[in-house]
**Student:** 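Here you go, one structure.
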Amino acid sequence: MAGRPLAAHLRARAPRLTRRVVARLLAELPVYAELPQEEVAGDIAGIVQHSLRQFADVLERRRPAEPGEFGPQRDSAALRAEEGVPLDAILAAYQIGAAMAWEELTAGAEPSDLPAFQEALGYFLDFQRLLVSAVSAAYLEVRQILDSQEHGGRHALMTALLAGDTAGHRPAPRYAVLTLVFAAHPDEAGAGQRARIAARRKIRRVRTALDDVADEPALTALDAAGGTALLPFSAGWDILDDLVARAAEAAGIGIVAAAEITGPEGIPAAVTQTAEIMDLVRRAERPPGLYRLADVLLDYQLSRPSGALAALAALLAPLDGRPDLLRTLERYLAFDLDRRVTGAALHVHPNTVAYRVRRISALTGLDPARPSDLQLLNAALVARRTLL
């Protein structure tokens with residue numbers, strides 16, 4: 001058409017045309033303008049270019065596409081469904097791309113090109129019909145699954161397990177109980193559709209990581225800040241350590257997790273315990289990662305009601321009004337009495353740390369360099385955090 005082979009012309013123009021299509025989507029469809037940039041430049045642009053090249057193949061073969069050839073578009077539609085992008089916006093995006101591709105193909109056509117025009121239009125309309133059908137089916141399938149999960153058997157099972165009443169259900173023999181806290185992803189800053197989509201994407205990636213290690217799909221109650229997950233689980237603790245690291249990497253965030261492994265009957269108590277562990281971990285400002293009871297035994301025991309708590313906390317009373325000394329003590333003990341690392345964390349010189357530690361010893365009478373005093377200082381910090 002217009003003196004050029006259509007397939008080769010479309011392939012050559014695909015990168016530039018992709019950029020033009022994406023720019024128009026961002027300008028005309030608000031939901032696409034609010035998508036995270038990494039998603040627009042990655043999956044969205046990739047699907048536009050894939051579809052252009054796929055239609056070029058149709059033209060070159062002079063054979064219609066097959067319904068099973070739209071796997072990437074189906075996968076993309078499934079992701080958009082999980083993120084809550086409306087179906088009408090997705091179909092509008094494909095229509096915009098198709099119109100721009102047809103304009104590119106037919107630019108400069110002459111009356112003598114009518115036979116080629118008609119043949120190409122037949123392939124074009126057939127391609128669009130199959131594409132829209134594949135995308136719509138994949139989208140609706142995922143939405144149906146998500147809706148059924150929300151109100152169906154898995155939701156009911158999780159509710160029963162948390163309540164300690166599994167009559168009429170068939171729970172797994174063993175569960176990993178996780179209390180999770182998520183850091184915010186940079187794309188969640190602010191309000192609007194972009195932030196909501198980023199939050200949903202983060203949750204989806206964490207759920208995928210959980211499902212990868214669970215014996216059956218994980219039971220989850222998660223929002224952008226974290227939540228509870230029950231994993232049917234027959235593996236060991238080492239798998240859970242790796243799981244939290246991989247989930248954090250996949251979601252692009254820091255994740256703090258408290259975990260316990262138990263049978264179905266122990267789940268209510270395990271949820272309570274992991275929530276308490278999480279509270280202790282966050283009070284102590286520990287770094288992201290997986291924590292179990294063994295990691296916070298001292299903190300856990302000292303957080304129980306006891307007449308000794310007030311006496312332990314009072315050991316640090318001389319530091320009241322000196323937040324610089326308290327903060328230095330916390331970091332110094334957390335970093336195993338390393339002045340350089342503590343100084344770097346506090347943005348002060350190691351000699352300043354040494355001076356502050358001497359002041360702490362002078363005011364409290366406790367020297368971190370003495371093993372017995374070190375134990376008391378750790379216990380006093382835990383007691384103080386518990387009573388605040």
Side-chain angles (χ1 to χ4, degrees), residues 78 81-82 84 141-182 199-200 202-248 250-251 255-282 289-297 299-301 303-305:
E82 290 180 347
E141 179 182 339
V142 170
R143 287 311 315 170
Q144 184 177 15
I145 291 172
L146 291 175
D147 292 342
S148 66
Q149 286 178 351
E150 184 70 23
H151 303 290
R154 289 174 62 191
H155 178 76
L157 175 58
M158 184 172 189
T159 301
L161 288 168
L162 293 174
D165 180 12
T166 58
H169 297 274
R170 298 179 62 184
R174 189 166 174 262
Y175 286 87
V177 178
L178 298 174
T179 293
L180 302 159
V181 171
F182 303 150
R200 286 195 289 266
K202 173 177 74 175
I203 295 168
R204 172 174 53 79
R205 291 177 176 176
V206 171
R207 280 180 177 150
T208 298
L210 297 176
D211 286 342
D212 284 344
V213 303
D215 300 336
E216 304 168 15
L219 308 175
T220 60
L222 303 176
D223 58 25
T228 301
L230 308 180
L231 279 62
F233 193 68
S234 57
W237 281 103
D238 56 329
I239 301 298
L240 291 182
D241 285 318
D242 293 339
L243 163 64
V244 172
R246 284 190 282 106
I255 296 178
V256 183
E260 184 56 80
I261 297 176
T262 183
E265 69 286 346
I267 285 177
V271 170
T272 299
Q273 181 172 284
T274 55
E276 292 174 341
I277 293 170
M278 180 63 71
D279 181 61
L280 295 171
V281 167
R282 300 189 75 188
L290 179 73
Y291 296 88
R292 65 208 78 185
L293 182 59
D295 299 317
V296 292
L297 277 177
D299 303 61
Y300 189 85
Q301 184 58 38
S303 67
R304 306 301 91 189

**Student:** Hey, what do you get for CD (Glu265) to CG (Asp165), rounding to the nearest 0.5 Å?
**Tutor:**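 Between atom CD of Glu265 and atom CG of Asp165 there are 13.0 Å.
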**Student:** Give me the atom names and distance for the closest heavy-atom approach of Pro264 to Pro173.
**Tutor:**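 For Pro264 and Pro173, the tightest heavy-atom pair comes out as CD-O, 3.4 Å.
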**Student:** If I take atom CZ from residue Phe233 and atom CD1 from residue Ile261, how far apart are they, to the nearest 0.5 angstrom?
**Tutor:**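 Answer for the CZ-CD1 pair, Phe233 versus Ile261, is 5.0 Å.
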**Student:** Is any side-chain heavy atom of Thr179 less than 4.5 Å from a side-chain heavy atom of Ile277?
**Tutor:**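 Side-chain contact under 4.5 Å: no.
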**Student:** How close do Ala224 and Ile203 get, counting heavy atoms only, and between which atoms?
**Tutor:**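 Looking at all heavy atoms of both residues, the closest pair is N-CD1, 3.7 Å.
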**Student:** Are side-chain heavy atoms of Leu178 and Leu243 found at a separation under 4.5 Å?
**Tutor:**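 A side-chain contact exists here, since the closest heavy-atom pair is under 4.5 Å.
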**Student:** Minimum heavy-atom separation for Arg174 and Ala235, please, with both atom names.
**Tutor:**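 Closest approach of Arg174 to Ala235, heavy atoms only: NH1-O, 3.0 Å.
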**Student:** Check whether any side-chain heavy atom of Thr159 sits under 4.5 Å from a side-chain heavy atom of His155, and report yes or no.
**Tutor:**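 Answer yes - side chains close enough.
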**Student:** Go through Thr220 and Leu180 one step at a time and tell me if the side-chain contact (heavy atoms from CB on, under 4.5 Å) criterion holds.
**Tutor:** CA-CA 10 Å; Thr220 60; Leu180 302 159; over 6 Å; no
**Student:** Roughly how far apart are Leu219 CG and Tyr175 OH, rounded to 0.5 Å?
**Tutor:**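 Here the interatomic distance stands at 5.5 Å.
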**Student:** Which atoms form the tightest heavy-atom contact between Asp211 and Ala218, and what is the distance?
**Tutor:**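 Nearest pair, atom of Asp211 first, then Ala218: OD1-N, 2.7 Å.
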**Student:** When rounded to the nearest 0.5 angstrom, what is the spacing between CG in Leu293 and CD in Glu276?
**Tutor:**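 If we round to the nearest 0.5 Å, Leu293:CG and Glu276:CD are 9.5 Å apart.
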**Student:** Do you know the tightest heavy-atom contact between Thr274 and Ala259?
**Tutor:**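 Here Thr274 and Ala259 meet closest at CG2-C, 3.7 Å.
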**Student:** Which atom pair, heavy atoms only, marks the closest approach of Pro268 to Ala163?
**Tutor:**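 Smallest interatomic distance, heavy atoms only, reads CG-C, 4.3 Å.
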**Student:** Counting N and O atoms only, with roles assigned by atom type, does the side chain of Arg205 sit under 3.5 Å from a partner on the main chain of Ala248, one being a donor and the other an acceptor?
**Tutor:**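 Between the backbone of Ala248 and the side chain of Arg205 there is no qualifying donor-acceptor contact (under 3.5 Å).
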**Student:** Do the side chains of Val213 and Asp242 get nearer than 4.5 Å, heavy atoms only?
**Tutor:**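 No. Closest side-chain heavy atoms not under 4.5 Å.
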**Student:** For the side chain of Asp241 and the backbone of Val244, is there at least one donor-acceptor N/O pair under 3.5 Å apart?
**Tutor:**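 Side chain of Asp241 to backbone of Val244, a donor-acceptor pair under 3.5 Å: no, none is there.
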**Student:** Report the distance from atom CG of Leu222 to atom CZ of Arg207, rounding to the nearest 0.5 Å.
**Tutor:**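 Rounded to the nearest 0.5 Å, the CG-CZ separation comes to 5.5 Å.
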**Student:** Mind checking the CG-CD1 spacing from Leu290 to Ile239? Nearest 0.5 Å is all I need.
**Tutor:**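 It comes to 12.0 Å.
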**Student:** Passes side-chain contact (heavy atoms from CB on, under 4.5 Å), Thr228 versus Met158? Steps please.
**Tutor:** CA-CA 10 Å; Thr228 301; Met158 184 172 189; 4.2 Å; yes
**Student:** As a quick check of understanding, evaluate side-chain contact (heavy atoms from CB on, under 4.5 Å) for Leu230 and Leu157, giving each step before the final call.
**Tutor:** CA-CA 10 Å; Leu230 308 180; Leu157 175 58; over 6 Å; no
**Student:** With side-chain contact (heavy atoms from CB on, under 4.5 Å) as the test, would you mind laying out the steps for Leu280 and Tyr291 before giving the verdict?
**Tutor:** CA-CA 10 Å; Leu280 295 171; Tyr291 296 88; over 6 Å; no
**Student:** Would you confirm whether Asp295, through its side chain, and Arg292, through its main-chain N or O, come within 3.5 Å as a donor-acceptor pair?
**Tutor:**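 Yes, the answer is positive, given that a donor and an acceptor are paired below the 3.5 Å cut-off.
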